[in-house]
Amino acid sequence: MVRKSVFGALFAGVFLGLGCGSGENELQFQEQAATDPPPQRIVSLAPSLTETLFALGLGERVVGVTRYCAYPPQALELPKVGGHLDPSYEALLALQPDLVVLIPSSDEIERRLESLGVRVLRVDQHDVEGVLDSITLLATACGVPERGAILRASLDERMRKVAARIAGEPRPRAVVVVGHDVGGGVVRSVWAAGPDTFYDGVLRIAGGVNGVGEGLARYPELSREGLASIDPDVVLDVIAGLEDRGLQIEEIRGSWMKLEELRAVRKGRIEILEGDVMVVPGPRLPEMVQNVARALHPELEWERE
């Protein structure tokens, strides 16, 4: 029996490294930023942070990114320094950064950079509020707080419009799948987003309820039986880089359709949400929210973001 795991490297490089506990780091940095000049040579160690910097109009200051940073297109042209968990310190130092921004993925990387005399800012984007706060933090750290205020207000307004659109509608129970193990053309197990995750907040704004309960890991692995016990109204299967991994949407959908014990399968509510916009918790957040809302509420008329 052939088994394969569908768990994108981009997802692993963006979401599983997100975490909590950056408040003290942020406060110390803000105190230092009050006296130090704004950074002019920035290395970003996460796609979400790269997108945020460019959205703030700071692209010209970004001198290095990870191999996962693919948006906006200008980021593809920048020097690569490895991944967020395995950066090349030699390549990074060669860029002479006056600031490295990273997510709370590895204290060891932060300690190593600081021991090398590199200024570091750890940015927590593990939930929706964290994404919005990161805009304010990065804008302030880079000396452009007014841009941060404008960008944040824009994202807030666009998400409020989605929330207003689905107000009063039934809230289907959903499972957000971020990876699955497939054997014999059938989904055997999945990794799903729990309550303390970015996707939980997105679901709530988009008019859904998270079927994964409290008490589990943030992204627990669920067996076929575990999925059946939840029996969601909708499955949202989030996948990035289909073409790069030689996958087809219909192939993935077909691996779900054999799980006839699931209400979502019987009702044809397996929704494949494809693209890096669905796995990068940055300034394209309103687009992600609307994509989820459209999948949860196909009966409504929607305008494209």
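In this chain, residues are counted from 1 in sequence order. Everything numeric here is computed off the predicted structure, so don't read it as measured data.
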Using a strict cut-off of less than 4.0 Å between a Lys/Arg side-chain nitrogen and an Asp/Glu carboxylate oxygen, indicate whether R111 and E114 qualify as a salt bridge. no
When you look at R218 and D127, which way does the salt bridge (Lys or Arg N to Asp or Glu O under 4.0 Å) test go after all the steps? CA-CA 12 Å; R218 292 180 60 231; D127 58 15; over 6 Å; no
side-chain contact (heavy atoms from CB on, under 4.5 Å) partner of S189, the single match among E225, E221, R224: E221
Do L259 and V177 sit in one hydrophobic cluster, given that two such residues count as connected whenever their side-chain heavy atoms are within less than 4.5 Å of each other, even indirectly? yes
For V81, which of L93, L45, V65 qualifies under side-chain contact (heavy atoms from CB on, under 4.5 Å)? L45
List the atom of A193, the atom of Y199, and the distance in Å for their closest heavy-atom pair. CB-CB, 3.7 Å
Side-chain touch E110/L113, heavy atoms, less than 4.5 angstrom: no
Taking the side chain as every heavy atom from C-beta outward, state whether L121 and L137 have any atom pair closer than 4.5 Å. yes
Can you tell if the side chain of E169 reaches within under 4.5 Å of the side chain of L300, non-hydrogen atoms only? yes
Basic-acidic side-chain contact under 4.0 Å: D276, R284: yes
Could you go through the salt bridge (Lys or Arg N to Asp or Glu O under 4.0 Å) check for R152 and E129 one step at a time? CA-CA 11 Å; R152 180 168 184 162; E129 192 62 27; 2.9 Å; yes
Closer than 4.0 angstrom, basic N to acidic O: yes or no for D233 and R263? yes
